[in-house]
Protein chains: 2
Amino acid sequence: MRKNPIVQRETLGAAVLQVRSGRATSRTTLAKALGISPSTTGLYVDHLIAEKYLNESGLNQGPMGRPRRLLSTQAGAGWFAGVEFNAHRIQAVGVDFSGGLKQTVELLLPDEVMADQVTKAILSCVAKLAETMQGPLLSVGLGVPGLVDVQAGVGLYYAFIPDWKQVPLVEIIGSKLKVPVILQNNLRAIALAERWFGIGHSLNDYVILGPRSGFGIAIVQDGRVIEGAHHAAGEVGRWPWPLMGGAGEVKELHHALSAPATWRRLSGVDGRAKLPEDLRAGLAAFSDSKGPVWDAVCTDYARVIGLLHMIIDTGVFILHGPLTMLGERFCQSITDVACALMPALREGGLKVVPSTLGDDAGALGAASQAMEAWAPA
Amino acid sequence: MRKNPIVQRETLGAAVLQVRSGRATSRTTLAKALGISPSTTGLYVDHLIAEKYLNESGLNQGPMGRPRRLLSTQAGAGWFAGVEFNAHRIQAVGVDFSGGLKQTVELLLPDEVMADQVTKAILSCVAKLAETMQGPLLSVGLGVPGLVDVQAGVGLYYAFIPDWKQVPLVEIIGSKLKVPVILQNNLRAIALAERWFGIGHSLNDYVILGPRSGFGIAIVQDGRVIEGAHHAAGEVGRWPWPLMGGAGEVKELHHALSAPATWRRLSGVDGRAKLPEDLRAGLAAFSDSKGPVWDAVCTDYARVIGLLHMIIDTGVFILHGPLTMLGERFCQSITDVACALMPALREGGLKVVPSTLGDDAGALGAASQAMEAWAPA
DNA sequence: GGCTTTTTATTCGAATGCGAAAAAACCCCA
DNA sequence: TGGGGTTTTTTCGCATTCGAATAAAAAGCC
């Protein structure tokens, strides 16, 4: 038997992440992924297997040589909660230790909801998930609307919950649940969801387009989500739009490209009172992808995407939110218009795609955060 | 005497950087800056002193306790070359081991210069610097125009040198000089220059505005210069401008905001044939900061800066190039207009300032790269 | 079946980096 | 002038991590 040194928590957590993501499948590949020596990696893996976090799941014969002893995460070792919310509803997901989505809970919030109601509702969602998830709760991720201070664990400001100012969420939730809690802005959480559950697993640079009740973006560069000096990176909704419009009628990008605004433009119907589900249904049924209104909407999107692309030189734009209902043809139109408007984009390989994740992307992203933050005790 | 372990090259280099930058002044502060233990730091410092890279320069008494034994770099331990060029001229600087600028060389290039003439001229500039710099040449940094592949060490493309395509600069220069050579796009090199020699030493997030023969920006986030997925981050010069202009007259941002274009707009004189020095002189003498043309120019800058600020949420914009001749009032006007156009910016603390570095910022930045890349043999 | 080749995993001695404690160097104050 | 307090630096033993060699496990080949 090998001696069992006191290994480093952080490295253990990183090792589990690599195995869970499938980037490392054996001791040797794990060693490469972690950048530590194979011998040390062996010790860590032994420890993790002894603690029932990992197990060996058969052999994998390469073209030659000793077969790898495949590593996998033990699904029942515990679970992670991911919770995302806005002023109207809370969505929570339970993810097992292998990163598999196991359960979803949704909860509608009353109008004019207050901060402490929200935090209570979050706790009750997690409690409901706990009824069916197996093993102990290991960590909680929160996708928080508005400005968020990730370091401090504080929700700074959100316009649509009246008293949402300086809410010490990590402390509130963490002290009740006794597990690590990690925060992220909800759009940036979606970016992480793409990394774990969507097409981002093979990408290191991409941008999330989030036309929802407003319009914001999240930028992933070199595998990291950009925060900004004041936690406000990607808050492009308040761009003046049209950018150089005639005097007097300057609005903001929000008013042109949010999900309801886009629907209003496309359908000609005032959708202010529309519920989110109706909006989705309407968009899904929308088929008129030829007219001048359609072109105008695509042109606006194309302009924004083009500007972004030339600043941060990222490959892929992933469309999220209700507008994904417009499907592939919407993204294709945007790409075409953008390349027509800005020939330089063609060389850069502009790509706009609809997300394959559904409405719970934010909660999934929050769960991803939880997984990334966790390390064995 | 302490035992002398075989220490890690990388960490030695990092230690020298910390001392040179002044972020670490003693063994203890260095330990904190490097994130290693004080005991290990002692060993590294001993080694560096023994090899004559560092020395102890007196004591520094705090308010109480044992005084720090101040560390400093040995200026004569060797020197770094920084070279920046475009199609018209080469600028080279020699920087001593302490990071002090010691010498500058400028060399004009003939019209229609070819790539191999440029590489030869770079070598001759370095040779000229070598005549007066003391100690061995340790490393060379190159600020290269156009697209650059930093990893591969290759200049990919530059429009104004006809055969500048896939130039393996690191190999060409490195094989002659037998020292490490490191590349960077020249605007991104300027960003590094601000970090070492300008106001960037206290900032972790800022943007360089580079209106020169074209218009580009360089973004520093969390102390790192953004590269982009295709080495093209910040290439905003080809934005359509005006962004939603009337049909037919769509131009690009280059045509509105490059240094010559700005001069043309301000002065009303066609400055196409103007030499760079004349341009600078003209701008320095320009005093009419009231008229509608001035406002129009500032508004264009304000729009660009506003958009950028809301995407990447960075604090400070540093203006570089000939337009710094317009001085503080130009930056102030831009700030004012931007805040008027986009009220959201006021909260974000938008700041636009002219660089204090002169025309050799690019070469200084290249030298900074060289310093960062170097580590003891 | 035994041999070589190839790849993965483990063993084991060596050494590097760490932590705790000691030492050093200075202050202040009686 | 000597003791207590404070901060920096060094000493020293220990333990984790590494590297090289070794073992293990399979394929291919004759």
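First the proteins, then the strands, lettered A, B, ... as listed; each starts at 1. As the structure is a prediction and not an experimental result, all values here were calculated from the model. Below, each value reflects all heavy atoms present in this structure, side chains not excepted, and no hydrogens, waters or symmetry copies.
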Using the side-chain heavy atoms of [X], tell me which of these nucleotides is nearest: [options].
X        : options                   : value
Met64(A) : dA9(C), dG28(D), dC18(C)  : dG28(D)
Arg27(B) : dT8(D), dC18(C), dT10(D)  : dT10(D)
Val7(A)  : dC27(C), dT17(D), dT10(C) : dT17(D)
Ser37(B) : dC18(D), dC18(C), dT6(D)  : dC18(C)
Thr40(A) : dT9(D), dT17(D), dT10(C)  : dT17(D)

Please report, rounded to the nearest Å, how far the [atom2] atom of [N] is from the [atom1] atom of [X].
X        : N       : atom1 : atom2 : value
Leu43(A) : dG19(D) : CG    : P     : 14 Å
Leu70(A) : dA25(D) : CG    : P     : 16 Å
His47(B) : dT10(D) : NE2   : P     : 16 Å
Asp46(A) : dT16(D) : CG    : P     : 14 Å
Arg68(B) : dT9(D)  : CZ    : C1'   : 13 Å
Leu34(A) : dC18(D) : CG    : C1'   : 15 Å
Asn60(B) : dT8(D)  : CG    : C1'   : 11 Å

N/O contacts under 3.5 Å, protein versus nucleotides 20-25 of chain C?
unit_1  : atom_1 : unit_2   : atom_2 : d
dA24(C) : N3     : Arg66(B) : NH1    : 3.4
dA25(C) : N3     : Arg66(B) : N      : 3.4

Subject >> Side chain to side chain, Ser355(B) and Ile318(B), heavy atoms closer than 4.5 Å >> reply: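 Contact flag for Ser355(B)/Ile318(B) side chains = yes.
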**OP:** Check whether any side-chain heavy atom of Gln221(A) lies under 4.5 Å from a side-chain heavy atom of Ile219(A), and answer yes or no.
**Re:**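 Yes, close enough: below the 4.5 Å cut-off.
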**OP:** With DNA chain D as reference, determine whether Gly62(A) or Ile36(A) sits nearer its 5' end, using the nearest nucleotide of each.
**Re:**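 Nearest-nucleotide comparison on DNA chain D picks Ile36(A).
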**OP:** Find which nucleotide of DNA chain D each of Arg69(B) and Gln61(A) is nearest to by heavy atoms, and output the residue with the more 5' nucleotide.
**Re:**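 Its nearest nucleotide lies further toward 5', so the answer is Arg69(B).
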Compile the donor-acceptor pairs under 3.5 Å between side chains in residues 368-377 of chain A and protein atoms, sequence neighbours left out, one pair per line.
unit_1    : atom_1 : unit_2    : atom_2 : d
Ser368(A) : OG     : Leu364(A) : O      : 2.8
Gln369(A) : NE2    : Leu183(A) : O      : 3.1
Glu372(A) : OE2    : Trp196(A) : NE1    : 3.0

Subject >> Carboxylate-amine/guanidinium contact Glu56(A) Arg27(A), below 4.0 Å >> reply: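 Salt bridge present between Glu56(A) and Arg27(A).
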Subject >> OP1 or OP2 of dT16(D) under 4.0 Å from side-chain N/O of Tyr44(A) >> reply: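 False: Tyr44(A) side-chain N/O out of range (4.0 Å or more) of dT16(D) OP1/OP2.
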Original post:
Should Gln8(B) be listed as having a side-chain N or O under 4.0 Å from OP1 or OP2 of dG17(C)?
Top reply: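 For dG17(C), OP1 or OP2 has a side-chain N or O of Gln8(B) closer than 4.0 Å.
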Contacts under 3.5 angstrom, residues 10-20 of chain A side chains, donor-acceptor by atom type, not counting sequence neighbours:
unit_1   : atom_1 : unit_2   : atom_2 : d
Gln18(A) : OE1    : Arg23(A) : NE     : 3.3
Arg20(A) : NH1    : Phe97(A) : O      : 2.6

Original post:
For residues Ser37(A) and Ser39(A), is any side-chain donor paired with an opposing acceptor at under 3.5 Å?
Top reply: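 Yes, side-chain donor-acceptor contact under 3.5 Å.
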**OP:** Could you tell me whether the side chains of Asn60(A) and Thr25(A) share a donor-acceptor contact shorter than 3.5 Å?
**Re:**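 No pair is found: no donor N or O on one side chain lies under 3.5 Å from an acceptor on the other.
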